[in-house]
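A quick write-up on the structure given underneath.
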Amino acid sequence: MEDIFEPRRKRIVRSLRFLLPAVLPVLLCAIFLLAISRTSDDTIAKEQATLTQALENGAVYTYALTGNYPESLSQLLDEYRITYDKEKFIVEYVPNGSNLFPMISVLPRNSGKGGLQ
């Protein structure tokens, strides 16, 4: 039987004791999912930076050997066997002539988040 003169603080503590087992797993799952999401975003950013660096290094290396930058992205990818996930990234390669550094852009695809599909 419930004590009607029980202090308010004691009633709150007692009800929290019953809610804690139900709320704790939900809270832990939410923290876990946020951590995974953040790690995934960091990984994609690192992959993007690595791919950009590989493409730029390949273009500079070709120029050092031949005196010309690669004419196309496919030529650069084939010569240096650079591969990337076409479902994760969009790569834009715009040559600016044979002796000017090309514009190289690597953009992540944000499928399912309202971005590029």
Side-chain angles (χ1 to χ4, degrees):
M1 194 153 154
E2 196 173 318
D3 184 8
I4 59 172
F5 297 109
E6 181 179 37
R8 184 178 187 156
R9 183 174 175 201
K10 198 172 189 179
R11 274 186 284 165
I12 292 172
V13 168
R14 187 167 34 96
S15 52
L16 284 177
R17 197 175 340 144
F18 291 117
L19 288 176
L20 188 63
V23 172
L24 189 61
V26 172
L27 184 63
L28 290 175
C29 285
I31 291 171
F32 182 71
L33 290 175
L34 286 172
I36 287 175
S37 174
R38 180 154 177 109
T39 302
S40 176
D41 292 344
D42 290 345
T43 301
I44 289 175
K46 286 179 183 176
E47 285 180 38
Q48 179 182 4
T50 302
L51 178 57
T52 302
Q53 189 66 47
L55 293 170
E56 290 174 353
N57 288 347
V60 169
Y61 192 70
T62 299
Y63 184 77
L65 291 177
T66 65
N68 297 318
Y69 286 104
E71 295 177 11
S72 67
L73 176 63
S74 60
Q75 178 185 356
L76 182 61
L77 295 174
D78 291 341
E79 282 183 24
Y80 298 101
R81 293 188 174 102
I82 298 172
T83 60
Y84 68 96
D85 188 353
K86 291 178 172 70
E87 292 184 15
K88 270 190 190 178
F89 299 105
I90 299 170
V91 177
E92 184 178 29
Y93 182 89
V94 180
N96 291 323
S98 63
N99 63 346
L100 296 174
F101 191 77
M103 287 181 43
I104 300 173
S105 300
V106 178
L107 304 170
R109 289 184 185 258
N110 295 325
S111 60
K113 295 184 180 178
L116 299 170
Q117 297 282 332

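Keep in mind that what you see is a predicted model, and the values were worked out from it rather than measured.
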Open item on the list: Has Gln75 got a side-chain atom pairing as donor or acceptor with Glu71's backbone, closer than 3.5 angstrom?
Closed with: yes
Task: Check: Tyr93 side chain, Pro70 main-chain N or O, donor-acceptor pair, under 3.5 Å - done: yes
Open item on the list: Would you compute the distance between atom CD1 of Ile90 and atom CZ of Arg109 and round it to the nearest 0.5 angstrom?
Closed with: 4.0 Å
- [ ] Return the minimal non-hydrogen interatomic distance between Phe89 and Val106, and the atom names on each side.
- [x] CD2-CG1, 3.9 Å
Open item on the list: Taking Glu47 first and then Lys88, would you say they form a salt bridge - that is, a charged N and a carboxylate O separated by under 4.0 Å?
Closed with: yes
Task: Closest non-hydrogen atom pair between Pro102 and Pro95, with its separation - done: CB-CA, 4.0 Å
Task: Rounded distance [0.5 Å steps], CG in Leu73 versus CD1 in Ile104 - done: 8.5 Å
Task: Point-to-point distance, once rounded to the nearest 0.5 Å, from OG1 of Thr50 to CD1 of Ile82 - done: 11.5 Å
Task: Shortest non-hydrogen separation from Phe101 to Ala59 and the atoms involved - done: CE1-CB, 4.2 Å
Open item on the list: So does Gln48 get a backbone contact from the side chain of Thr52, meaning a donor-acceptor N/O pair under 3.5 Å?
Closed with: yes
- [ ] Just say parallel, tilted or perpendicular for the rings of Tyr69 and Tyr63, cut-offs at 30° and 60°.
- [x] parallel
Open item on the list: Could you measure the distance from the CG atom of Leu24 to the CG atom of Leu19? Nearest 0.5 Å is fine.
Closed with: 12.0 Å
Task: Residues, nucleotides or ligands: over 12 heavy atoms within 6.0 Å of Tyr61 OH - done: no
- [ ] Mark yes or no: Lys86 above the aromatic ring of Tyr84, with NZ or CZ under 6.0 Å from the six-membered ring centre and no more than 45 degrees from the axis.
- [x] yes
Task: Non-hydrogen side-chain atoms of Leu55 and Leu76 separated by less than 4.5 Å - done: yes
Open item on the list: Working to the nearest 0.5 angstrom, can you tell me the gap between Leu51 CG and Asp85 CG?
Closed with: 10.5 Å
Task: Pairwise distance CG(Asp78) to OG(Ser72) - rounded to 0.5 angstrom - done: 8.0 Å
Task: Side-chain heavy atoms of Glu92 within contact of Val94, under 4.5 Å - done: yes
